[in-house]
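As the structure is a prediction and not an experimental result, all values here were calculated from the model. Atom set for the values below is all heavy atoms of this structure, side chains included, hydrogens, waters and symmetry mates excluded. Note that ligands are numbered from 1 as they come in the structure, with each ligand's atoms numbered from 1 the same way.
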Amino acid sequence: MTEQHGVLQAGSPEEQVQPDARLKIQDLTFRDGHQSLFATRGRTEDLIPIAEEMDRVGFFAMEVWGGATFDVMHRFLAEDPWERIRTLKKHIRKTPFSMLLRGQNLVGYRNYADDLAEAFVQRCCENGIDVFRVFDALNDYRNFQTVVKVIKDQGKHFQGSICYSLTEPRMGGEVYTLEYYLEKAGELEAMGADSICIKDMAGLIAPYDAYTLVRALKDTVSPPIHLHSHFTSGMADMSLLKAVEAGVDIVDVCLAPWAYRTSHPGLEPLVASLQGTNRDTGFDLKQLSRCSEHFIKISPKYRHLLDDRMSIIDTNVLLHQTPGGMLSNLVNQLREMDALDKLEQVFQELPRVRRELGQVPLVTPTSQIVGIQTVNNVLFDTPEERYTMVTAQVKDLCYGLYGRTPVPIDPAVREKALKGYPRGEEPISCRPADVLEPEMEKAKQEVGDLARDIDDVLVYALYPTTGKRFLRWKYGLEAVPEACRPKSLEEAEKDQELVEKARKGLVQEIREEPAPEKGAGLRTFNVFVDEEYFKVEVEPAGGEPAVTSIRPGAQAAPQKPQEATKPAAQQPQPETPPVGETAAPAAEGSPVEAPMPGMIIRFEVREGDEVSEGDPLLILEAMKMENTIDAPVSGQVKALHFKDGDSVKKGDVLLVIG
Ligand code: CO
């Protein structure tokens, strides 16, 4: 045992602790903690007051950025994501900053061109990121090449990740065997990884698998091993401890107030558990308690985002292997379709769709791609025909745009998906970014003067629609909506009271209104609590079903109907036509209805166009996935009832073919 310093020797006196045996800790409270619990809504102003105390703890690194922060900050918080790194850096001078980077997907949902990837990572380095945890949803490391080169050239820490996935309850089976993980780790070592992360995004790793895997990795590769797991299933505490016994070098945790549930194991119990052993972290529990106190104090601001109605753990994750975020998406999508009763069917179909699509790990973005395709299959397929509505992202996956799947995609599904695919019907086998055109120059031209520096251009290049809107907020060209404004503790506590009243069934009426502004990403409900009237804004399909703001209606309360409470989804369609709809009712011809709620990305046809049956009419985005709506009959396009960017409900008449 003596040569295995990292292996836990319980009860060893502290004076025997070898410096290299100390367990290193990365704190995730500033990023994955609130991403997992509060839909990434943590604000910089709530992190600053505790930043200096956190810097004193002695973390290996603090994860402060990446993942969903970039998207959520500019979209919902009206905060400049780049500014957060620079601001925190002023307060945290010792502890390295780490970020989660989705390989060639950067902090978005598709593979970006090399020039954009290079510029983005370069700016991450210059703004203050020190450790880059890089992952790819398919574990296809060709998607690492471009970003890793920049990270290494800049002298930063490249942490290569292996997405931990399973096809059955334990490690083994068809794809995800011990050999698979060792092979992937070998690839990362060969790429120059400074450390290797087992990224267990769904909290699936069982304690004894963690032990086996870490021991095998320690015996096989030389970079330090880092374990990232989520508490979701309730096993992560035990898995971390077994990994520590096996010699893991670094583990991920959160301060207790933002730990557990779908977040991570808590820091304090782990520190206490290892005190006096050869893997003692050396942390001061009093210091941790000071830090946690701050989070206890500010957490009421975020409480309305926490789904605390269910058990602290979700055993279903182990039964159907559906990660938490994906599950809430599926439930949301089915609810919007009035098809919640189909959830069991979705669980049954999911493993089959996943297998047909190459047995991919389920992590952003593949979890959404597989999940929404499964919903489409359950809702729209017939006994004679499967994959009747294939999303654009599944087509891209079949074409090879995300990379190589762990097992080949089912040839019949691939052929069906690629029929008429614009890039070609033969899939590619090269590195995906090799077929992508450069993007930076185009982005610079499109965004024009609105972008004042390269960081602005990158916001636009990654998120054109919401990025542009954010830049208008940033430079005062457009008012920041109320929903994006930070809330005081007092306001938050008042709101929480209202949410609780609403949950207790004191809501007397709920009526859905069209979103207050297109693309704002919020649905507004009028809620009557007793005789008081409130506006409640709820995340749209695709986000978490969380109340983001609840306040007394600014204008006069609408007429309060006499009817009893009805869930929003069962409300009849509003009588008034949605914005953008032409006045003419659908008279002659075949109406084409929205098969699902979503946002119209673009119409492919104009009024007066002749179309043949099967021609694409428009692209409808639902749950971040794009669906092509084809012409059900041949004829002339009589009337478009909406315009690009409009949100539609299931059953809305999109256009008429006469
Ligand atoms: Co995570």
Legend entry - the Co ion (ligand 1) contact by His264, N, O or S atom under 2.8 Å: no

Inset, instruction - Could you label the plane-to-plane angle of the His74 and Phe70 rings as parallel, tilted or perpendicular, counting under 30° as parallel and over 60° as perpendicular? - result: tilted

Inset, instruction - Among the N/O/S atoms of His228, select the one at the shortest distance from the Co ion (ligand 1) and name it. - result: NE2

Inset, instruction - Indicate whether any N or O donor in one side chain lies under 3.5 Å from an N or O acceptor in the other, for His264 and Ser229. - result: no

Inset, instruction - Mind checking salt bridge (charged side-chain N to carboxylate O under 4.0 Å, His left out) for Glu293 and listing every partner two or more places apart, or none if nothing turns up? - result: none

Legend entry - Asp32 backbone or side-chain N/O/S under 2.8 Å from the Co ion (ligand 1): yes

Legend entry - Ser161 and Arg102 side chains, donor-acceptor separation under 3.5 Å: no

